[in-house]
Amino acid sequence: MATRPASRQRRAARGSQQQQVQQQSGSPTSTATTSSSRLAPEMMSSLEGPASPRLVAGLDNADADDDQAATKENVTVTVRFRPLSPREIRQGEEVAWYADGDTVVRSEQNPNVGYAYDRVFAPTTTTRQVYDVAAQHVVSGAMEGIYGTIFAYGVTSSGKTHTMHGDQRSPGIIPLAVKDAFSIIQETPNREFLLRVSYLEIYNEVVNDLLNPAGQSLRIREDPQGTFVEGIKEEVVLSPAHALSLIAAGEEHRHVGSTNFNLLSSRSHTIFTLTIESSSYGDSNEGEAVTFSQLNLIDLAGSESSRAETTGVRRKEGSYINKSLLTLGTVISKLTDGKATHIPFRDSKLTRLLQSSLSGQGRVSLICTVTPASSNSEETHNTLKFAHRAKRIEVQASQNKIIDEKSLIKKYQNEIRGLKEELEQLKMGIITGTPLKDAEDDNMILWKQKLEDGNVKLQSRLEQEEEAKSALLARIQRLTKLILVSTKATPTSRFSPHPGPRRRHSFGEEELAYLPYRRRDIMLDNESNELLTPGEGFGVTPEDSSKEEKKNRKGLLNWFKIRKRDGGASTLTSSECDKSSLTKSTAPSTPIGESLNFPSDGLTGEEASLASTKTIDHVDLLREQLKILSGEVALHTSVLKRLTEEAGRNPNSEKIQMKMKKISDEIKAKQQQISSLEKQMPHSLSNSQVKVDKLDLSPSYGELLEQLNEKSFELEVKVADNRVIQEQLQEKTTECMELQEAVACLKEHLSQALQAKDSLSNSIMMQNSSGVNHEEQHSDQEKPVSRDISAEQLQKEQQSLELGELKQRVHELTEVKAQLEARNQKLLEESTYAKGLASAAGVELKALSEEVTKLMNQNEKLASELASQRSPTPRRVSNGPRGTARRESMSRRNEPASRRDGNAREERERALETILAEKEQKEAELQRKVEESKQKEAFLESELANMWVLVAKLKKSRGDDDHEDLEAKYNGS
Ligand SMILES: Nc1ncnc2c1ncn2[C@@H]1O[C@H](COP(=O)(O)OP(=O)(O)OP(=O)(O)O)[C@@H](O)[C@H]1O
């Protein structure tokens, strides 16, 4: 909400480059596109501290003490109730919260719960009354150099957009503030102002420039002086209609969508910034400080409760909106709790941009919009708590003055001053001429010759200087037009401590054109009329209305007279303007349009040269007028487009048709004016015999302008057509979906009916087969029709009952069957497992028995070996006497050796005995294992046998059950 000097210097530098470019191309300098816009009054903090020596050095010391005497205030917090909507009334909603007097909101359920605010507005309060209490002091402060921020906060559909923008019947805070700003200029004749606007939205945490469709995803930059949006476009504005038409253009790009709660819900936060520079009026303002401030008018998107059944894009938008509002809540509670060390401004784009305002620099007004509806009670309570916290934020209201030469108004003023000086010098040169050096030459012939030469030279120099003078005048005029001054003659300071009451100005048609005819469709006509107080949005009594209407027809652009302090064209007075040859009926709604008659006959000497200058200015004025007329055509086209949309919705509304016709006529009239002005332009230029190049340029410029107008009109019409087609498409899609739903529903019914029919015929068949009541049916056929029907109904009921029972039985049986099957399955699994075990045991058994056999064989072998070793003698005996004899002889020969052999044998025997014992042990063990395995095998075999018996039993029982089922079925039926 401030522009620091450095950024301003950069901006001014770029601005001057741009102006040069514009000058070269011959386009008027009525807009200024800047590279950055600050949304915070850091200027003030800079002024108070040593942070910015450049700025401190630039302070107007005389005023410094006064300026820095900042007054501490609290944020102005007001609560505005909207009436219950027709939908809410239809749904039988009750009032959950109400305004208890002028300052308290109380809960209907619990009267002990109440919150106090600066002001509480009941549902019948008009936006004008809200403006007077909640906004007027912020706007007038901003015009005096105190930064200001006004924002509407509340849940979706609580009335934020209604409060900030409003509609044609009840203009909102933004149009009222813009209007008021221009009224203040009108009532401050001792100062001159330069106003410019920017308009941005924060959509899904992305900053978009609403005045420049190319300016998407802009970056928020930060430097020691604060945050600013890089590359945002700023337009110098000349009238309320001009400013409001820019908002209208911006609104076209704003993201709006339909939700459960609001047909036209704002899906983005918007910030409309009015940058105000002013300095004292007159030539004596050189070196004087410029008063600088910004007024931010913010329409927040509404928070959405979890009840909102949103999907896709809407849900994503909703979560971004909720997150940023949550951050805003956190920032406010941290700002007010006094202990917080860190304030999370950086957590959302919204809080980043509001950082300086929320930090207490400049005036802040928070308008909380709420609905009394009981269904929104919880959300309303949250809003009230938020508002209550915000009330504790302290702000400082101090006037900002800068002496920065690069402020835009200063830059223009200095340029005008310089150009005027140049002009003066030129005039002096033309009048006095260059003295001839050889004037005293005695030689008369030579003197004459030189005189003639001098005359020719003088003539051409005069022409050149005339051209330069015209160019200077045109430039002065262009610049002067951008600076707004009051048309009042007596300078009375509005900036005095007690300004007098200000007259309220009404809105003109052009200004209101930007607002929707009826903003939203949820309010009934009569409801709205009830709410509309006589002065709502207009501020006029019925008696004044005809006068006002006349004035409005002229348009608000008439409010501000172009500053005319110069000679030549700038000395044109209103009386001269009145002599305008342009017919009043077709005169455009601009002051320029009324000042286009330049008497050129009967002028002599210097007057003739002035007339020539006037012609140049005339051309400039014609161009300016062309531009304004084109703007008006565009504005009307936009209104026509809106009306076309409305006509699509209400094709039978004669009022809309008439209005459309009126506007088309106006467009045509303005286009005629444009072409007549274009015709005048070349004529004026040829009369003046200067600037042949301009003459060449003018028709092409005019042609281009005309083409542009035509194209933009075609485009607008196409866009309108497109919208109508889209709406129709939407309707058809909805219809189609409804039809599809109906078809699905019918199909379901049909299938149900078919099922019922099937089951009925089944049961009838079953009954027929069982032969029950066969004869009765026959006799029934002969009874009267009514009895037939009732009997049939009875029968049907009985059948359906039976059918139900049958179904129940079938269901039970199916369940039993399922259980049995599950058990069967389980048993099967177990038996398979047991089989596996048995076969594994068999294999093991076989292996064991093989091993046993092997061991037994081995054992036998060993035993025989042992036996053979234990009984060697008898064998020898059996060998005969020869062997014995030999052995004896041997034993005799080797007595000691035989003894040794005996020992070894004994040892061997012992070892063999040990081995044998071991073998026997092993054998016994194996024998035991074999026994165990055999037992196991036997057990498994018996288990298996049991299982098979069980399976057989089960199978048997199932067979029985099935049989029983069948029996039961037939018995039942
Ligand atoms: N004070 C009021 N008097 C009469 N009608 C109102 C008032 N406030 C709101 N409305 C109506 O209620 C409806 C919703 O209002 P609006 O669109 O301003 O809500 P919002 O808070 O801006 O919603 P969102 O956040 O979804 O954009 C509109 O039809 C509007 O005309």
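When a ligand or atom number is given, it counts from 1 through the structure's own listing order. None of these values were measured; they are calculated from a predicted model.
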Quiz item: For ligand 1, is any non-hydrogen atom under 4.0 Å from P83's backbone (N, CA, C, O), its side chain (CB onward), both, or neither?
Solution: side chain
Quiz item: Would you call V113 and H381 a side-chain contact if the rule is heavy atoms closer than 4.5 Å?
Solution: yes
Quiz item: Once you round to the nearest 0.5 Å, how far does CG of L195 lie from CE of M143?
Solution: 5.5 Å
Quiz item: If you measure every N/O of D299 against every N/O of ligand 1, is any gap under 3.5 Å?
Solution: no
Quiz item: Do any heavy atoms of S157 fall under 4.0 Å from ligand 1?
Solution: yes
Quiz item: Between K323 and D347, is there a side-chain N and carboxylate O pair less than 4.0 Å apart?
Solution: no
Self-check item: Plane angle bin for H388 and Y117 - parallel if under 30°, tilted between 30 and 60°, otherwise perpendicular
Solution: perpendicular
Practice problem: Kindly determine whether S158 and T369 satisfy side chain to side chain donor-acceptor pair (under 3.5 Å), including the steps that lead there. | Solution: CA-CA 5 Å; S158 58; T369 53; 2.8 Å; yes
Quiz item: Looking only at non-hydrogen atoms, which of R82, H165, R80 approaches atom 12 (O) of ligand 1 most closely?
Solution: R82
Quiz item: Going by distance only, is there an N or O of T369 that falls short of 3.5 Å from an N or O of ligand 1?
Solution: no
Quiz item: Between W97 and Y115, how do the two ring planes meet: parallel, tilted or perpendicular, split at 30° and 60°?
Solution: tilted
Practice problem: With heavy atoms of T156 as the reference, note each atom of ligand 1 found under 4.0 Å away. | Solution: 23 (O), 24 (P), 25 (O), 26 (O)
Quiz item: Which atoms of ligand 1 have any heavy atom of G159 under 4.0 Å away?
Solution: 8 (N), 9 (C), 15 (O), 16 (P), 18 (O), 19 (O), 20 (P), 21 (O)
Quiz item: Between M164, R169, K160, H269, which one has a non-hydrogen atom sitting closest to atom 21 (O) of ligand 1?
Solution: K160
Quiz item: Quick one: which ligand 1 atoms are inside 4.0 Å of a heavy atom on G302?
Solution: 25 (O)
Exercise. Decide whether T273 and N296 meet the rule of one side-chain donor and one side-chain acceptor closer than 3.5 Å.
Key: yes
Exercise. Answer with side chain, backbone, both or neither: which part of V155 has a heavy atom less than 4.0 angstrom from an atom of ligand 1?
Key: backbone
